[in-house]
Amino acid sequence: MNIQQIRNATTVVEYAGKKFLIDPMLAEKGAYPPMPNPASQAPQGDQNFPLENLPTSINNIVNVDAVIVTHTHPDHWDKAAKEILPKEIKIFVQNEEDATKIRNAGFHNVEVILKGTAFESIQLIKTKGEHGRGEILKLAGEVCGVVFKHPTEKTVYIAGDTVWYEGVQEEIDTHKPDVIVVNAGDNQFIQGGSLVMGKEDVFEVYKAAPNAKIIAVHMEAVNHWTLSRKELKSFAKEKGISLNVLVPDDGESYTF
Ligand SMILES: [Zn+2]
């Protein structure tokens with residue numbers, strides 16, 4: 001398997017001979033106005049997003065067998081993705097609501113991940129997530145992650161836009177992933193706290209799965225990020241878990 005970080009939560013997962021594009025945000029740098037009300041500690045709070053260009057050509061990125069959209073926030077499924085992706089491409093989503101949204105954008109091969117869902121011989125399992133803690137959860141809405149399983153591959157768990165909570169622990173206990181992709185930019189609005197994982201959340205993931213490789217994505221790409229790659233790397237070093245916590249730059253990839 002190979003996992004390539006593209007930008008934000010956009011990743012390309014090559015698994016058991018198939019290529020999956022996760023959470024496509026495909027616009028050029030600065031295409032969208034800033035997410036409103038970013039936390040005061042967000043260093044690029046006033047800037048348009050995406051904050052960076054794509055690290056490789058669009059053609060490379062969309063040359064995949066299927067797409068997985070964990071939820072439809074604009075940093076996971078954007079206007080450019082709707083325009084660029086071929087309308088017949090297979091798209092997996094978390095629920096009927098998201099399926100309807102994506103079908104309404106002209107896509108006609110959209111499937112909700114249910115018990116027993118597979119793509120060819122690859123098992124796809126929807127996992128739960130909480131896009132924040134407390135009051136903000138209602139506003140943030142439903143999200144999911146996904147586990148990939150195949151007899152010839154290691155198990156991968158893409159956690160999606162979730163903070164650390166007992167649900168993530170349960171998914172780790174159930175699926176025993178070898179590789180875990182976490183969204184770790186600690187994005188925050190002025191109020192409501194972390195919307196995705198911060199460094200302490202990543203540490204909890206490590207403690208729950210000390211033998212797994214953890215790949216931190218969803219960093220430094222949308223204006224409300226508050227945890228930099230540099231800070232996460234030095235935190236991992238300080239905790240002695242640098243070999244387990246990988247913090248890719250955009251375009252970087254890993255083979256397992
Ligand atoms: Zn996000």
Side-chain angles (χ1 to χ4, degrees), residues 3 5-13 20-27 29-39 41-45 47-52 54 61 67-82 91-95 97-98 101-102 126-133 136-146 157-165 167-168 180-199 201-202 205 214-229 232 247-248 250:
I3 299 180
Q5 162 63 4
I6 303 295
R7 179 184 62 186
N8 202 51
T10 309
T11 48
V12 173
V13 178
F20 296 84
L21 175 61
I22 316 292
D23 284 351
M25 172 175 68
L26 302 179
K29 179 176 176 176
Y32 307 120
M35 290 273 185
N37 307 314
Q41 70 270 34
Q44 292 175 284
Q47 293 180 27
N48 278 15
F49 78 96
L51 297 168
E52 299 295 338
L54 291 167
I61 297 167
V67 178
I68 298 176
V69 177
T70 62
H71 64 304
T72 53
H73 285 172
D75 58 329
H76 296 256
W77 172 250
D78 73 337
K79 194 167 163 277
K82 286 174 215 169
I91 303 183
F92 290 98
V93 297
Q94 61 169 339
N95 56 27
E97 196 187 332
D98 285 4
K101 273 189 210 166
I102 292 175
K126 182 176 123 173
T127 58
K128 51 198 162 198
E130 295 203 339
H131 200 344
R133 296 184 178 97
I136 198 136
L137 264 179
K138 278 180 233 145
L139 295 170
E142 254 182 76
V143 293
C144 80
V146 62
Y157 167 32
I158 313 261
D161 265 6
T162 184
V163 293
W164 169 261
Y165 75 112
V168 175
I180 305 174
V181 179
V182 297
N183 294 358
D186 202 357
N187 300 55
Q188 298 187 29
F189 295 118
I190 291 174
Q191 284 186 328
S194 301
L195 293 158
V196 295
M197 293 195 187
K199 55 189 182 181
D201 302 72
V202 175
V205 174
I214 298 163
I215 304 175
V217 304
H218 199 295
M219 304 193 78
E220 300 178 358
V222 185
N223 61 294
H224 57 338
W225 70 264
T226 69
L227 175 63
S228 69
R229 287 171 166 125
L232 179 57
V247 186
D250 290 348

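Atoms considered below: every heavy atom in the structure, side chains included; atoms not considered: hydrogens, waters and symmetry mates. Each ligand, and each atom within it, is numbered from 1 in the order the structure gives. Quantities reported herein were computed from a predicted structural model and do not represent experimental measurements.
Partners of Phe49 by ring pair (Phe, Tyr, Trp, His ring centres under 6.0 Å), not counting sequence neighbours, listed by chain and number: Tyr32. Partners of His224 by ring pair (Phe, Tyr, Trp, His ring centres under 6.0 Å), not counting sequence neighbours, listed by chain and number: Phe189. Ala81 is linked by a side chain to side chain contact (heavy atoms under 4.5 Å, CB included) to Pro24, Leu26, Trp77, Asp78, Leu85, counting only residues two or more places apart in sequence or in another chain.
For the atom pair Glu130 CD and Trp164 CH2, the distance stands at 12.5 Å (nearest 0.5 Å).
The nearest pair of heavy atoms linking Asn183 to Val196 is O-CB, 3.4 Å.
A side-chain N or O of His71 and one of Asp161 form a donor-acceptor pair less than 3.5 Å apart.
Near the Zn ion (ligand 1), less than 2.8 Å away, sit the protein N, O or S atoms Asp75 OD2, His76 NE2, Asp161 OD2, His218 NE2.
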